[in-house]
Q: 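Before we start, here is the structure in question, set down as structure tokens.
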Protein chains: 2
Amino acid sequence: MERIETVVKDLRAAGGRMTSARRSVLSALVAARSHVTAEDLLNLVQADSPEIHLSTVYRTLEALENLGVVDHVHLGHGRAVYHLTDSAHQHIVCEICSSVQEVPASLFAQLEKDLMDKYQFKVRMNHFAVIGTCKNCLEQLEKEKLVQR
Amino acid sequence: MERIETVVKDLRAAGGRMTSARRSVLSALVAARSHVTAEDLLNLVQADSPEIHLSTVYRTLEALENLGVVDHVHLGHGRAVYHLTDSAHQHIVCEICSSVQEVPASLFAQLEKDLMDKYQFKVRMNHFAVIGTCKNCLEQLEKEKLVQR
DNA sequence: ATCTTTGCAAACTTTTTGCACCAAT
DNA sequence: ATTGGTGCAAAAAGTTTGCAAAGAT
């Protein structure tokens with residue numbers, strides 16, 4: 001994936017170094033292709049390189065965020081989820097099952113514009129947690145309601 | 001404020017008790033009229049009743065959330081902010097100065113509808129953190145940019 | 001009298017940091 | 001040879017929990 005090479009370039013340009021640990025974390029993140037916690041990444045990365053430490057994962061993610069390659073969103077409960085920066089998508093997070101779904105950013109365009117026009121507030125794309133209940137959990141809740149009766 | 005008496009009723013109806021600690025927390029929250037952290041509340045409440053403990057604040061907030069009176073939002077950094085439930089408003093949070101502004105929920109109505117129609121995703125109103133940069137901080141950033149040149 | 005809530009201390013979870021050693025440039 | 005990164009352990013930060021005593025109903 002040439003994306004990784006671009007990152008290496010940017011990283012070096014910023015005075016950073018591409019180490020094997022960083023390469024592992026980055027490719028795990030690319031491979032995951034979804035929203036993962038630091039611990040998820042640790043597990044992925046340790047499958048190959050068990051010596052990599054959680055603090056290295058955090059520091060790598062921090063470095064990648066500074067580069068603008070990665071972003072994170074805080075779910076309600078505590079752990080943050082990390083993902084590659086991709087301004088074409090926004091996230092909706094189910095507060096019951098913690099699943100994260102991507103939806104087109106275009107859904108948010110009007111809101112973004114309104115907030116800027118009316119409040120001079122610049123929404124930070126990709127750091128915008130829409131919390132709610134997903135389709136599955138909604139159906140599940142509905143079933144439980146039926147059972148209760 | 002009659003609102004408090006309604007809460008007392010609901011609390012009792014749910015088998016709970018209105019203690020002096022809970023009354024303090026609740027009125028601090030009402031008086032604050034904005035988005036406060038558990039620690040903010042602790043400080044407010046301890047001005048009058050220094051014996052009240054942080055864990056009591058958390059437990060009171062939890063009880064009030066179960067009653068639907070209170071809700072909380074997680075800012076990026078860690079601490080959550082609590083506020084009275086008020087479905088007429090939504091929050092926009094500045095990630096630089098941590099200020100929270102209320103904006104009319106109507107701004108979000110279309111988005112909410114779209115997410116339901118297209119994804120069967122039920123947005124949880126009032127638990128919906130819009131992170132970005134507020135007017136002031138945006139202006140500040142602009143100034144700094146000018147200075148740098 | 002019962003059963004919830006409190007204060008306290010201690011545990012827990014997630015993330016950050018200090019430090020000596022190691023490695024990329 | 002520099003200087004940035006790593007692993008480890010320990011600290012922070014925010015929140016939750018177990019327990020005996022206190023308080024609301």
Side-chain angles (χ1 to χ4, degrees), chain A residues 4-5 7-26 28 35-43 45-46 48-67 70-82 95 98 129, chain B residues 4-5 7-26 28 35-43 45-46 48-67 70-82 95 98 129:
Chain A
I4 290 185
E5 289 320 305
V7 175
V8 175
K9 242 184 68 188
D10 290 353
L11 191 55
R12 295 225 171 99
R17 291 163 194 192
M18 178 51 76
T19 64
S20 53
R22 289 184 169 184
R23 209 176 281 272
S24 298
V25 172
L26 182 55
H35 305 77
V36 286
T37 64
E39 212 177 342
D40 292 339
L41 281 173
L42 184 70
N43 293 334
V45 147
Q46 285 193 337
D48 277 344
S49 322
E51 78 284 1
I52 292 182
H53 198 274
L54 182 56
S55 63
T56 300
V57 173
Y58 276 111
R59 287 192 274 222
T60 298
L61 288 169
E62 191 188 9
L64 294 176
E65 284 203 66
N66 290 338
L67 249 48
V70 162
D71 207 338
H72 73 277
V73 185
H74 290 268
L75 308 190
H77 336 330
R79 45 178 86 70
V81 289
Y82 294 79
E95 62 183 336
S98 295
Chain B
I4 290 185
E5 289 320 305
V7 174
V8 174
K9 243 184 66 187
D10 291 354
L11 191 54
R12 296 225 171 96
R17 290 162 194 196
M18 178 49 78
T19 64
S20 54
R22 287 184 170 184
R23 210 177 281 273
S24 297
V25 172
L26 182 55
H35 305 76
V36 286
T37 64
E39 213 178 340
D40 291 339
L41 282 173
L42 183 69
N43 293 333
V45 147
Q46 285 194 336
D48 276 344
S49 322
E51 78 283 0
I52 293 181
H53 198 275
L54 183 56
S55 62
T56 300
V57 173
Y58 276 111
R59 287 191 274 219
T60 298
L61 289 169
E62 193 188 8
L64 294 175
E65 284 201 65
N66 290 338
L67 249 46
V70 161
D71 207 339
H72 74 275
V73 187
H74 290 267
L75 307 189
H77 335 333
R79 45 177 84 69
V81 289
Y82 294 80
E95 64 183 336
S98 295

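Per chain, numbering begins at 1; letters A, B, ... match sequence-line order.
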Q: Decide yes or no for B/Leu41 and B/Leu61: does some side-chain heavy atom of the first lie under 4.5 Å from some side-chain heavy atom of the second?
A: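 Result yes, sub-4.5 Å side-chain heavy-atom pair found.
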Q: Using a 4.5 Å cut-off on heavy atoms from C-beta on, say whether the side chain of A/His72 contacts that of A/Val81.
A: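 When only atoms from C-beta onward are counted, A/His72 and A/Val81 do not touch, as no gap falls below 4.5 Å.
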Q: As an exercise, state the distance from CZ of B/Arg59 to CD of B/Glu62, rounded to the nearest 0.5 Å.
A: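 Output value for this atom pair is 9.0 Å.
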Q: Expressed as a whole number of angstroms, how long is the span from A/Arg79:CZ to C/dT16:P?
A: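 Whole-Å distance recorded here is 15 Å.
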Q: In whole angstrom, give the distance that lies between atom CD of B/Glu39 and atom P of D/dT15.
A: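 It works out to 9 Å between those atoms.
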Q: Expressed as a whole number of angstroms, how long is the span from B/Glu65:CD to D/dT16:C1'?
A: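 Those two atoms, CD and C1', are 14 Å apart.
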Q: Figure out the CD/C1' separation between A/Glu62 and D/dG5, and round it to whole Å.
A: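 Distance, rounded to whole Å: 12 Å.
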Q: With sequence neighbours excluded, what pairs up with B/Leu11 under the side-chain contact (heavy atoms from CB on, under 4.5 Å) test?
A: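 If we apply the side-chain contact (heavy atoms from CB on, under 4.5 Å) test to B/Leu11, skipping adjacent residues, the hits are B/Met18, B/Arg22, B/Leu67.
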Q: How about B/Asp48 and B/Ser24: do any of their side-chain heavy atoms sit closer than 4.5 Å?
A: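 Sidechains of B/Ser24 and B/Asp48: no contact.
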Q: Rounded to whole angstroms, how far apart are CG on B/Asp40 and C1' on D/dG14?
A: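 The distance from CG of B/Asp40 to C1' of D/dG14 comes to 13 Å, rounded to the nearest Å.
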Q: Examine D/dT15: is either OP1 or OP2 under 4.0 Å from a nitrogen or oxygen in the side chain of B/Tyr58? Give yes or no.
A: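 For B/Tyr58, the contact criterion (side-chain N or O under 4.0 Å from OP1 or OP2 of D/dT15) is met.
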Q: Heavy atoms under 4.0 Å is the rule here; annotate nucleotides 2-10 of chain C 5' to 3' with B where the base is hit, S where only the sugar-phosphate is, and - elsewhere.
A: -BSSBBB--
Q: For A/Leu61 and C/dT17, give me the distance from atom CG to atom P, rounded to whole Å.
A: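 In whole Å, C/dT17 P lies 15 Å from A/Leu61 CG.
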Q: Could you pull out all residues at least two apart from B/Asp40 that satisfy salt bridge (charged side-chain N to carboxylate O under 4.0 Å, His left out)?
A: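 Expected list: none.
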Q: How long is the line joining NE2 of A/His72 and C1' of C/dT15, in whole Å?
A: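 So the two atoms are 10 Å apart, to the nearest Å.
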